[in-house]
Amino acid sequence: MTKKDIINLLETIATYMELSLENPFKVSAYRKAAGAIERDPRSLSEIDDFSEIKGIGKGVNDVISEYVENGRSSVLDELKESVPVSLIQMLKLPTLGPKKIAKLHKELGVVTLEGLKAECEAGRVSELSGFGKKTEENIAKAIDELLTRPEKYPIEKIQSFRSIIEAALDEIRSVDRYNIAGSARRYKEMSKDLDFIVQTDNAADVAETFINLPFVQDVVAKGERKLSVVVEHDLDQIGVDMRFVTPEAYHTTLHHFTGSKEHNVKMRQIAKSRGEKISEYGVEKGDDLLTFESEADFFSHFDLPYIAPAMRETGEETDIDVSDIITLDDIRGDLHMHTVYSDGAYSVREMIEACVAKGYEYMVITDHSKSLRVANGLDEDRLWQQIEEIRKLRPEYPEIDIYSGTEMDILKDGTLDFSDDMLKELDYVIAAIHSSFQQTEDEIMHRLESACNNPYVRHIAHPTGRLIGGRAGYAVDFEKLIQMAKDTNTVMEVNANPRRLDLSSSVIRNSGLMLTVNTDAHHTRHLEFMEYGTATLQKGLIEKNQVINTFSREDFREWVNKGK
DNA sequence: GCCGTTTTCGGCCCGACTGTTTTCAGTCG
């Protein structure tokens with residue numbers, strides 16, 4: 001049993017209670033308890049008394065104790081007696097919440113999505129009080145959508161939706177300014193919709209123009225302050241919400257709709273304790289409504305430093321000192337990128353110029369090694385050729401330190417693709433797994449251990465090999481990996497490519513690891529991925545001194561030369 | 001169900017939109 005099992009139990013109980021029309025505050029107490037356990041940095045075995053955690057009292061503690069002792073929960077068992085499992089998936093249908101679902105179940109005996117759809121088609125739903133013809137149609141439509149449209153999209157897909165919508169907003173004259181909000185602004189790995197804050201003095205015109213754009217498939221809701229539509233792009237559909245605001249309310253509305261919900265609840269509690277009230281329109285203080293010139297001013301009003309959107313998740317970000325958490329501005333170099341020597345699209349010189357243009361103080365060229373044939377990996381001869389080329393180019397670019405490196409394969413049996421004699425000629429060595437992802441955890445850990453133990457390997461790239469919304473990654477024992485990294489002075493990478501974000505924020509949080517964040521650029525444009533990487537670090541509440549590519553040019557050079 | 005230096009009872013974030021309930025409940029974010 002792990003903490004995750006207990007969190008799942010409490011959340012399941014909450015959902016069943018919701019459908020049993022239990023007191024909403026009791027439901028929320030179970031959800032809060034689950035959240036409190038998730039945020040606690042200790043593992044299950046390190047927690048002796050759950051009731052000491054804030055948000056867990058006698059009731060929830062009894063439920064947990066029973067579950068930990070004999071692996072079951074009588075509270076949940078009783079709830080399951082009274083509520084059919086299949087009703088839970090109905091909560092995902094828009095316009096249906098616990099009360100309406102309970103009514104459908106009680107009055108019509110509905111237990112499955114298919115059954116509910118049949119009742120809609122037979123016209124029996126609209127005969128119930130509280131339900132009309134329109135509701136009946138909407139439910140039937142939503143069931144079809146639920147069965148076809150994916151529930152959430154990975155961040156890379158979300159960002160491509162974002163850019164087509166922003167391009168459209170740029171062209172609408174009555175839009176004065178706009179900003180992405182919601183989970184996309186917080187750089188969540190997966191999001192189900194997109195939110196935008198739009199400043200305009202003619203909301204009706206913006207809404208009308210927008211809903212007539214060719215990619216808008218459906219209008220879900222349209223009011224004076226809000227527009228909700230479905231947008232189609234590359235055969236995928238996604239919900240897009242837009243809030244129309246005045247200049248005065250811009251930043252408080254942006255803050256409100258950036259969320260997360262937990263962050264907002266926390267901010268409102270803080271306001272309340274000072275006799276103030278936060279809404280999307282501003283901060284009510286007595287009879288005054290205070291508005292702000294920026295989000296930073298808003299936070300400052302509550303004596304808080306600016307909290308970057310990526311950090312606004314649990315609410316605890318308001319309790320800790322975030323002043324040393326890394327920001328994009330702290331990044332002084334990129335240590336992982338490819339050129340035409342292997343599978344990159346640009347030459348060494350072009351990558352150098354792109355890094356100079358970004359204002360970097362140092363960079364490492366790290367093409368693939370010989371075993372990675374699909375990527376045209378370099379053998380010793382071609383690697384020497386590249387080392388020579390870099391040596392020749394250095395004097396032309398005094399503004400940046402250019403290191404020669406490699407992203408070397410860790411082979412199937414744990415041996416490394418280059419000998420130590422070759423590695424010692426390089427300034428910087430990255431090791432990574434690119435093959436045999438299906439191996440057992442022991443085999444994978446043996447490979448990672450072998451790389452960490454090599455005196456020349458400075459960092460492990462994309463340590464789990466996962467792709468967000470794609471493959472899960474190979475079998476890594478994180479506890480062991482973290483210990484190995486510390487014991488051998490090996491740095492772990494947060495790969496900034498939005499398909500990877502590997503290691504993830506949940507792994508690095510509270511890990512105490514030394515980290516590096518790199519774009520793994522295969523194109524000059526990919527150097528811009530750094531924002532996703534730093535957002536991932538922010539989510540993990542990582543301070544800048546834990547990240548080697550925030551070091552000054554001199555400190556980084558010294559760190560490279562000193563060795564492990 | 002949880003919490004508390006104004007509280008051991010009475011709160012628990014706040015507002016927009018929809019549909020149908022002719023004055024508001026339910027849902028959503």
Side-chain angles (χ1 to χ4, degrees), chain A residues 10 13-14 17-18 21-36 50-64 75 90-104 125-139 142 181-186 188 191-197 203 207 219-229 239-245 249 252-284 289 312 315 318:
Chain A
L10 299 179
I13 290 175
M17 281 182 170
E18 201 171 25
L21 305 187
E22 185 55 90
N23 173 0
F25 294 111
K26 186 170 168 181
V27 174
S28 133
Y30 273 86
R31 295 228 161 92
K32 278 183 190 161
F50 278 92
S51 63
E52 278 176 4
I53 300 174
K54 194 168 164 346
I56 298 179
K58 185 173 183 319
V60 172
N61 190 48
D62 287 350
V63 169
I64 295 173
V75 173
M90 287 184 198
L91 280 171
K92 287 183 185 158
L93 293 170
T95 78
L96 284 191
K99 295 192 177 170
K100 287 190 160 178
I101 292 171
K103 186 158 197 168
L104 289 167
V125 170
S126 56
E127 287 167 8
L128 300 176
S129 70
F131 294 81
K133 268 288 162 208
K134 193 131 186 188
T135 306
E136 189 172 66
E137 284 169 27
N138 285 341
I139 294 172
S183 56
R185 183 168 182 238
R186 302 199 315 276
K188 286 284 278 187
S191 296
K192 77 174 173 62
D193 57 17
L194 285 169
D195 299 275
F196 287 90
I197 306 306
V219 179
V220 180
K222 184 153 92 75
E224 280 176 40
R225 299 171 188 276
K226 170 180 167 172
L227 174 68
S228 189
V229 299
V240 177
D241 289 334
M242 227 165 255
R243 307 293 295 214
F244 303 117
V245 300
T252 42
T253 307
L254 177 60
H255 174 266
H256 175 79
F257 285 101
T258 296
S260 64
K261 183 165 168 270
E262 291 74 16
H263 172 82
N264 287 352
V265 168
K266 191 64 187 296
M267 289 300 296
R268 284 170 177 192
Q269 286 167 347
I270 291 171
K272 206 165 186 175
S273 71
R274 301 158 43 117
E276 299 172 359
K277 198 175 93 171
I278 298 175
S279 82
E280 57 203 88
Y281 300 110
V283 175
E284 283 176 38
L289 181 68
R312 303 177 199 167
T318 62

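Naming: A, B, ... by sequence-line order, numbering from 1 per chain.
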* To do: Verify the contact: side-chain N or O of A:Thr135 to OP1 or OP2 of B:dT20, cut-off strictly under 4.0 Å; return yes or no.
  => yes
* Results of side-chain contact (heavy atoms from CB on, under 4.5 Å) for A:Ala181 - residues two or more places apart only -> A:Asp195, A:Ile197, A:Leu254, A:Phe257, A:Thr258
* Answer with base, sugar-phosphate or nothing: what part of the nucleic acid does A:Lys266 contact at a heavy-atom distance below 4.0 Å? => nothing
* Could you work out the separation of B:dG29 and B:dC13 based on their C1' atoms and round it to a whole Å? => 12 Å
* Identify whether any heavy atom of A:Leu93 sits under 4.0 Å from a base atom; if not, whether one sits that close to sugar-phosphate; answer base, sugar-phosphate or nothing. => sugar-phosphate
* Asked: At what distance, to the nearest 0.5 angstrom, does CD1 of A:Ile64 lie from CD1 of A:Ile56?
  -> 4.5 Å
* A:Asn264 to A:His256 - nearest heavy-atom pair and separation -> ND2-O, 2.8 Å
* To do: Can you tell me, in whole Å, how much space there is between the P of B:dC12 and that of B:dC17?
  => 24 Å
* Could you give the CZ-to-P distance, from A:Arg312 to B:dC13, as a whole number of Å? -> 20 Å
* Structure fact -> Closest to the 5' end of DNA chain B, once A:Pro94 and A:Asn264 are matched to their nearest nucleotides, is A:Asn264
* **Heavy-atom donor-acceptor pair, A:Thr253 side chain to A:Ala249 backbone, under 3.5 Å** => yes
* Structure fact -> Among the nucleotides B:dG29, B:dG26, B:dG1, whichever has the atom closest to the side chain of A:Tyr30 is B:dG1
* Asked: Within the structure, does a side-chain N or O atom of A:Arg268 lie under 4.0 Å from either OP1 or OP2 of B:dC14?
  -> no
* Over how many whole Å does the gap from A:His255 atom NE2 to B:dG29 atom P extend? -> 19 Å
* Asked: Roughly how far, to the nearest 0.5 Å, is the CG atom of A:Leu10 from the CE atom of A:Met17?
  -> 10.0 Å
* Structure fact -> Heavy atoms of A:Leu91 and A:Ile101 approach each other most closely as N-CD1, 3.6 Å
* In whole Å, what separates the P atom of B:dG15 from that of B:dT23? -> 24 Å
* To do: Mind checking A:Lys192 for me? I need base, sugar-phosphate or nothing, with any heavy atom below 4.0 Å counting as a touch.
  => sugar-phosphate
* Asked: Is a salt bridge present between A:Glu18 and A:Arg31, judged by a nitrogen-to-oxygen distance below 4.0 Å?
  -> yes
* Structure fact -> Atom CE of A:Met17 and atom C1' of B:dC2 are separated, to the nearest Å, by 13 Å
Could you run down the sub-3.5 Å N/O contacts of the protein with nucleotides 5-12 of chain B?
| unit_1 | atom_1 | unit_2 | atom_2 | d |
| --- | --- | --- | --- | --- |
| B:dC12 | OP1 | A:Lys272 | NZ | 2.5 |

* **A:Glu284 side-chain proximity, nearest of B:dG1, B:dT27, B:dG15** => B:dG15
* Asked: Whole-Å distance between B:dT27 P and A:Lys134 NZ?
  -> 18 Å
* Listed nucleotide nearest any side-chain atom of A:Lys100, set B:dT27, B:dC17, B:dG4 -> B:dT27
* To do: Tell me what A:Pro24 touches on the nucleic acid: a base, only sugar-phosphate, or nothing, going by heavy atoms under 4.0 Å.
  => nothing
* Does A:Lys133 pair with A:Glu136 as a salt bridge, N-O distance under 4.0 Å? -> yes
* To do: Return the value, rounded to whole Å, for the distance between atom CG of A:Asp193 and atom C1' of B:dG29.
  => 8 Å
* Structure fact -> Rounded to whole Å, the CG-C1' distance (A:Leu104 to B:dG26) equals 13 Å
* What's the NZ-P distance between A:Lys261 and B:dC13, to the nearest Å? -> 9 Å
* Minimum-distance nucleotide (side-chain atoms of A:Pro98 versus B:dG1, B:dT18, B:dT27) -> B:dT27
* Asked: Is the shortest side-chain N/O distance from A:Lys226 to OP1 or OP2 of B:dC17 below 4.0 Å?
  -> no
* To do: Please tell me which of the listed nucleotides, B:dT27, B:dG29, B:dG1, lies nearest to the side chain of A:Val60?
  => B:dG1
* Rounded to whole angstrom units, what separation is found between the CD1 atom of A:Ile101 and the P atom of B:dG26? -> 13 Å
* To do: Indicate whether the side chain of A:Ser129 and that of A:Lys103 have a donor and an acceptor atom separated by less than 3.5 Å.
  => yes
* By nearest nucleotide on DNA chain B, pick out whichever of A:Lys277 and A:Phe131 is the more 5' one. => A:Lys277
* Structure fact -> Per the glycosidic torsion and the 90° limit around 0, nucleotide B:dT7 is syn
* Base paired to B:dT8 (Watson-Crick or G-U; both N/O distances under 3.5 angstrom) -> none
